[in-house]
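Heads up: the structure comes next, in structure tokens.
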Amino acid sequence: MVNVVVSAGRNGVHDFILLRASAIILVLYTLFLAAFFIVTPSVTYDVWQAFFACMSVKVATMLALIALLVHAKTGVWQVLSDYIKPALLRGVLQFLFSVLLLAYIVFGFSIVWGV
Amino acid sequence: MVFAIGILLLTLSTSLSSAEGFATIQGYLDGIFFKFIIFGCLSALTFHVLAGVRHLFMDLGHFEELDSGNMTAKLIFVLWLAISVAVGVWLW
């Protein structure tokens, strides 16, 4: 058996599950935000700030960003391994996208931390 | 999608930083350029979610035949257009 060491879940079946589990978290968070905008007639700064001051919204936001790392890591790998043939370029791009996704988590944490 | 999330995160950061930051974003959203970018992000996200949910149903063994698969493919296009129009109306 060939071990694919570049995959997030160490094997294809684990990647498959991770991609779908993270997708479910991301859909639920998207619906949650959409519901907020639908039930809130006019979103002012006070309403917006109070919404993100709520601990459960902060936790949901961070959970979504961690799910995004898992989801997009595999998603980017699928696209790159299909379309970028030179191994070095593919590796560099995968590295850059992974770092960007990690940066999103740190950025998201700093956004919701002080609210 | 990765870059769309980056744009949305930057928007969230500015809008939550202060009342002035929130007003800045509101000002940007009054302009056609930023409005169109946010519309593009939300429209792409909508399509990705709809197609993803369809994919999950197929993982569970539904809509895997040619006829039903074509039907759900067309269905998500219709839903995507409808939701995109609704998002557009809401933004404008």
Is [X] in contact with chain B via its backbone, its side chain, both, or neither, using a 4.5 Å heavy-atom distance?
X: Ser110(A); value: neither
X: Val112(A); value: neither
X: Leu31(A); value: neither
X: Leu101(A); value: side chain
X: Phe107(A); value: side chain

- Item | Donor-acceptor contact present, side-chain Lys73(A) to main-chain Ser98(A), <3.5 Å | no

- Say whether, by atom type as modelled, one donor and one acceptor occur between the side chain of Ser84(B) and the main chain of Leu81(B) under 3.5 angstrom. no

Examine whether an atom of [X] lies under 4.5 Å from a heavy atom of chain A, and if so say whether it belongs to the side chain, the backbone or both; otherwise answer neither.
X: Leu56(B); answer: side chain
X: Ser15(B); answer: both
X: Leu45(B); answer: side chain

- Query: Relative to chain A, which of Val2(B), Leu16(B), Ile25(B) shows the most heavy atom pairs under 4.5 Å?
  - Reply: Leu16(B)

- Message: I'd like to verify something: which residue of Gly21(B), Ala23(B), Ser18(B) has the highest number of heavy-atom pairs under 4.5 Å with chain A?
- Response: Ser18(B)

- Message: Rounded to the nearest 0.5 Å, what separates atom CH2 in Trp113(A) from atom CE in Met62(A)?
- Response: 10.5 Å

- Count the heavy atoms belonging to other residues, nucleotides or ligands that lie under 6.0 Å from CZ of Phe37(A), then report whether that count exceeds 12. yes

- Query: Do the rings of Phe51(A) and Phe32(A) sit parallel, tilted or perpendicular, given the 30° and 60° boundaries?
  - Reply: tilted

- Message: Is the ring pair Phe22(B)/Trp48(A) parallel, tilted or perpendicular, if the boundaries are 30 and 60 degrees?
- Response: tilted

- Please assess Leu69(A) against Tyr104(A) for the test side chain to side chain contact (heavy atoms under 4.5 Å, CB included), listing each intermediate value before the final yes or no. CA-CA 8 Å; Leu69(A) 170 71; Tyr104(A) 281 3; over 6 Å; no

